[in-house]
Every structure is written in structure tokens, then in C-alpha cells.
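A short write-up of the structure that comes next.
So you know, we letter chains A, B, ... as the sequences are listed, proteins then strands, and number each from 1.
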Amino acid sequence: MKKVFYVWQREVISLFTSPVGYVAVAALTLINSFFFWLIAKSWPFASMQPLFGNMSITLLFFAPAFTMRQLAEEKRSGTMELLFTAPLTDVQVVLGKYLGAFTLFLFSVVASWIYPAFLAIYGSPDFGPIAAGYLGLLLIGGCYLVVGLFVSSLTKNQIVAFIGSLGILLVIFFLEAAIQLPDNWMMSVLAYLSLSSHFMPFTKGLIDLGDVVFYVSFIAFFLFATVRSVESRKWR
Amino acid sequence: MIEVEGISKRYGDLYAIRDLSFSVEKGDVVGFLGPNGAGKTTTMRILTCFFPPAEGKARVAGYDVFDDSLEVRRRIGYLPENPPLYSDMTVRGYLRFAAKIRDVPSRQVTKRVSEVMGRCGLEKMDERLIGHLSKGYRQRVGLAQALVHDPPVLILDEPTRGLDPAQIIEVRELMRSLSQEHTIILSTHILPEVSQVCKSVAILSNGRIVASGTPENLQAGVEAVCHLDLQISGSMSGAAELLSKVSGVLSVRTDPAPEGAVAALTLDYLPEEDPRQEVARALVNAGFGLLEMSTRGVSLEDVYLRLLKSSAGREWAGGEPPIEESLQSGSTGEEAVSGGEELPEADEAVSGPVAREAEVKA
């Protein structure tokens, strides 16, 4: 656990000494603020529900930027050899990296607390659904980041990592659209696997254990896949 | 300290190393010599547990690199060919990180980092970002990273690569001082480095060890021509004629010099027929002034190039499967080119004797 902490610590130092972290958080906050302003102008209730929907999509575009360099850059610059010849297990490295990206994501989440703050100043929002919405945001964000980390482990090139994870995320996010097709078991499975279909209940203040389990297992699965991908250097 | 038994590693159809065995005693400094692509880096990556061998066993300090990989990693300091540096960290921050992930107790981290920065000459650079450092300093940071946990075994992949001559000497000094208390494996294709630093040498070619031993033994094992450099005063052509008659002298070359100045000559002779006494006597008796006489033994370069040539020859004669053959010859072609870049003087050393013999006959 201490080793995970050390890897995490280095990751955070790196994210905040390079401009990538600041730019990503700033740009994400900018676009979210624009949507908040639009919604506040047109929506008559002091609620975060529509904004959470928007944020889950803006984040989808930014999460790959948080993770694209994480393993790809290690491979390209050769620092991979430092990590994997030090007494660290592959699991410790992957977890440390993941938590590092998650920390950056947390900063962007904290920055978005200005929106409920505005709502509280100019209206009287119900904080229950807002808290549930944030829980959902953390979970769906965790899924975005883990896909990004996984794709980053497959390549040496940051751009490839970014585009690749963006593509995969878009597909998984919009799988829900399959439900519109004629009813058939495969369509409902695909719709179930969609990231977006599990998110909407959270924004309404509904925490369904099934949705939480879905997101947590999604994250666990991709963390496992990332560890395997990193391990593949051993038998390739 | 290090025992390797029959390890192999393939990339696709191409063997990076094949059935490699060797052992390194505690306190030894072993040099891996070989062209690019000979398998030096692959062997090092196996010893440092970056990946396990496909076949065979390797043990470091009694621990298997596959079964007890974490124990091995604790005991190894590794400097890869490209120093594994995070350009967005400060030198101190980076070394602290390296110390912590290598199990240096947290109370000793600060002390160890300062120590190792002193040893590698990095004290003034401690708060610089690694990305802003020159190549020489980066290499030092890489070396510091390998030393920070005071490992009993050091594995250094081309530790003097990209350094200027003064820095190369510094790093060699450092390695020499480290060899007191560490077991070191280093790879290089700079040959003088090996004879200066290493107690023994293993020459790799196409994933195999083609020769190993102390630098002296390797040099003795190869039958080659020795050279004798002379500086004399007096008529050069007369001296050349005189010396070519001395028994044991194979050939005489004169270096063009203005008339009346000091003349420089080079003699070739076989080591077993040492003509030095005869040469001196003949010159003095004939009235020449003998100003300087020095020998140039068989250089390690001679040994190296000869072995590489003969190992390539064996591969061809061995009747290996044709597809593998073509792949290997492809890689040897590449090696020959890069080897030529690195060792211009070595090329002369090989073509030299042949040309000289021709001269004598003429």
C-alpha cells in the first residue's frame, strides 16, 4: 500500500508540474460553466439534474486527456524500466497510476462545486439529489479514467492513447441507443452495458445498488485488464 | 552472485539471446561486449526482472529472477541504456522517489539521496528539473538512481554513452571506486573501457557468448601481430632496410617525415618471436640514435573483431534453418554498419596486418 502511495505521489507531482493537468481542469471547468449558464437561463428549477447529464459527456472528452500519458509516456521515455525493475508489483504500479489520474479528476469535480453554490445563493436546491449526482459522476468518471489507462497501456503514443480511449468510451457510452432497436435479448444486454444508462438515476437522486455494482465492476475489470496488458511484456 | 543457466529469449522468430550461460562472482566487474543487437540489453533486462527468460534459469544473490523477482529487484541497481528519467521532476525529487520505491527506509531516504548526489557530482543540481539538464548530468542522475539503495549488484547498460571525454573518465573512476564493494555488470561497445574497468569480459554475438575471460587472456588467446613503434635519428631508408633483416620482424613501415628530422618507424612482429633486443642492438651498432621504442600489444579491438568475424562464419557454416539464417544475417548487416561507426580505428587494426604483409612481399 505504501508503494501505491509513492507511485500516486509521483504521478500527482507530475500532473501538476506539467501544464496538462491545469489546462485539462481549466478547459473542463470552462465548458461546464458555459452549460451551467445556459441551463440556469432556461431551466426554472434550482436543480443540477440537466447539468450532471452534460458533465457526464464533457468529462468523456477530457478523461482521455487525463490518462493518455500515464503509461504511454512511461513506455516511450523508458521510465517503465525504472518502475518494473524496482521492487514494485504490476498491481501497485497500475493502482498508483489510476489513483493519480483520479486525483486530477477530483480537482475538476471540486471546481464544479461552484454551480451548486450558485444555486444555493439564488435559490434553494435539494442537496440530496446533488450529492447522489456527484456520487454518480465520480463512478462514471472512474470508468472513463480506467478505460483511458487501459488504452494508454497498449501504446507508446499519447495521441493514439487519447483517440483510442475516446473512441472506445463513445461507443460504450452510447450503447444505450441499442434499446431503440427491435426487442431482442442482445439489444438489452448491450443497453445494459452502456455507461450512460446507469448514470441517469443518480442525477435524479436515485442510488441503485445495481448501478453502483455495475460501475465498480467495470472499473475492476479494466484495472485487471490493464495489469494484464502491462504484464504482457513478460511473455511477448 | 549471479548464475545464469541456458537462458533464451525470442522476439518473434528472432532469438535475442540463445542458450546463454555464465556466472559472476561477488565483487567481479564483468564487461559485456558486442555489437548492437547482440543481446546485451536483453540479458540485462532478464537479470533485472524486467521480463523473465523464455527458457533457462537465472539467479541473482541466490534468488531466482522469476520466482523471487521482488527479492532480486531489491538487490539490483539498474541503469538502462536510456536513463529512465522523469523530465518534469527535480533531481532530488526523482532520487527520493527512486529510493522510496526501492525500499530505502523512510528515515534514511534524505541521507541516502544526499550521499548519492555527492558521489555522482549532482549537489549543485538538486533543485533543477531533470528536463533542463545536459546529457552528461542526465547520465549521472541515471547512475545515482541505480546507486541510491546501495545495491550489492549493479547492472549498467552503456554507462558512458553520450558523455564527453572528461565525463567518461569521471564515470570510469566512479565505476572503479564502486567495484570495491559491488558486483558490476556493464555493457559497452567502447573497447578501451573494458580493459580499463573490467576484471573479466564476455563477448556476445547473435545472442551467444563467443568468448569470455580476463581482457589479458582474451588478448593472449588470439594469435595476432604485435607492433613496435620506434623513433630514431638518422637516415630513415637505411634504418628500414636494416631492420627488415632482423629476425622476427615481419615488416617495417616508415612514416613520412622531413629529411634530417626524427624518423618514426613501425615494426610488426609475432609475439612469440620478440625481436626487441635485436632491433635495439642492430640500430645502435649501425650508428643510429634510438630515441624511443614502445610496444603496442594485440588490442582488444583485434580480438573483438576477429571473434565477431569467426562467429559469423560459424553461423553460416553451421547449416541453420534458412529462414532464421536470413533474419540473422539481416541483423548482422546492421551491426556491421553501426560497429564501423563506433570503431573506426579498429577497422584499420584488422585490415592493417594484411596490408602490411603485402608491403613486405613487395
Side-chain angles (χ1 to χ4, degrees), chain A residues 1-24 68-97 99-100 104 153 156 158 227-236, chain B residues 9-12 41 44-54 63 65-66 68-90 93-106 109 129-131 138 141-142 145-146 148-149 151 155 157:
Chain A
M1 209 54 215
K2 226 159 87 185
K3 298 283 184 65
V4 176
F5 172 74
Y6 296 144
V7 176
W8 169 83
Q9 196 181 29
R10 202 217 68 75
E11 206 57 37
V12 171
I13 290 172
S14 222
L15 286 168
F16 285 98
T17 46
S18 74
V20 181
Y22 296 105
V23 172
M68 63 181 186
R69 50 180 277 148
Q70 286 205 300
L71 287 160
E73 181 64 12
E74 295 285 333
K75 271 196 213 170
R76 198 197 54 77
S77 71
T79 44
M80 196 103 167
E81 282 189 87
L82 174 71
L83 294 180
F84 293 126
T85 60
L88 292 171
T89 61
D90 296 349
V91 175
Q92 286 167 338
V93 173
V94 168
L95 271 184
K97 294 255 158 207
L99 294 176
L104 185 63
S153 78
K156 278 184 187 178
Q158 293 188 33
V227 170
R228 280 291 136 132
S229 151
V230 161
E231 259 175 16
S232 73
R233 73 178 187 280
K234 292 183 178 170
W235 42 260
R236 259 205 299 226
Chain B
K9 174 86 188 169
R10 277 195 316 188
Y11 298 110
T41 300
M44 290 183 157
R45 283 183 165 175
I46 287 172
L47 288 176
T48 53
C49 311
F50 187 71
F51 44 54
Y63 294 98
V65 293
F66 185 69
D68 292 307
S69 136
L70 291 185
E71 291 299 325
V72 173
R73 297 184 205 191
R74 280 192 189 107
R75 287 163 179 79
I76 278 186
Y78 176 39
L79 171 64
E81 201 172 344
N82 298 308
L85 307 175
Y86 292 103
S87 49
D88 48 13
M89 291 180 96
T90 63
Y94 171 74
L95 290 176
R96 290 185 66 89
F97 170 67
K100 285 189 278 190
I101 60 170
R102 296 257 191 53
D103 291 330
V104 173
S106 26
V109 166
L129 281 183
I130 290 174
R138 281 157 174 265
V141 178
Q145 157 277 125
V148 74
H149 54 308
I155 295 186
D157 203 349

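- Interface residue B/Arg45: only side-chain heavy atoms are found under 4.5 Å from chain A.
- For the set B/Tyr11, B/Tyr94, B/Phe66, B/Tyr86, the entry with the most heavy-atom pairs within less than 4.5 Å of chain A is B/Tyr86.
- Remark: A/Thr85 OG1 to B/Ile155 CD1 distance equals 9.5 Å, nearest 0.5 Å.
- Side chains of B/Arg102 and A/Leu82 form a contact here, defined as non-hydrogen atoms less than 4.5 Å apart.
- Heavy atoms of B/Glu81 lying under 4.5 Å from chain A are absent altogether.
- Sparse packing is recorded around NZ of A/Lys156, with 12 or fewer heavy atoms of other residues, nucleotides or ligands lying under 6.0 Å away.
- Side-chain atoms of B/Pro84 and A/Met80, non-hydrogen and from C-beta on, never get closer than 4.5 Å to each other.
- Of the listed residues (B/Val72, B/Thr48, B/Asn82), the greatest number of heavy-atom pairs within a distance under 4.5 Å of chain A belongs to B/Thr48.
- Contacts of B/Leu70 with chain A are made by both backbone and side-chain atoms, with heavy-atom separations under 4.5 Å.
- Between the side chain of B/Arg73 and the main chain of A/Ala86, a donor-acceptor pair closer than 3.5 Å is present.
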Side chain to side chain contact (heavy atoms under 4.5 Å, CB included) evaluation trace for A/Arg10 with B/Asp88: CA-CA 10 Å; A/Arg10 202 217 68 75; B/Asp88 48 13; 4.1 Å; yes

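- When the shell of 6.0 Å around CZ of A/Arg233 is examined, it contains more than 12 heavy atoms from other residues, nucleotides or ligands.
- A/Glu73 does not touch chain B: none of its heavy atoms, backbone or side chain, sits under 4.5 Å away.
- Using a 4.5 Å cut-off between heavy atoms, B/Phe50 touches chain A through backbone and side chain atoms alike.
- Of the two parts of A/Glu74, only the side chain, counted from C-beta on, holds a non-hydrogen atom closer than 4.5 Å to a non-hydrogen atom of chain B.
- For A/Ser14, the parts lying under 4.5 angstrom from a heavy atom of chain B are both the backbone and the side chain.
- For the atom pair A/Thr79 OG1 and B/Gln145 CD, the distance stands at 11.0 Å (nearest 0.5 Å).
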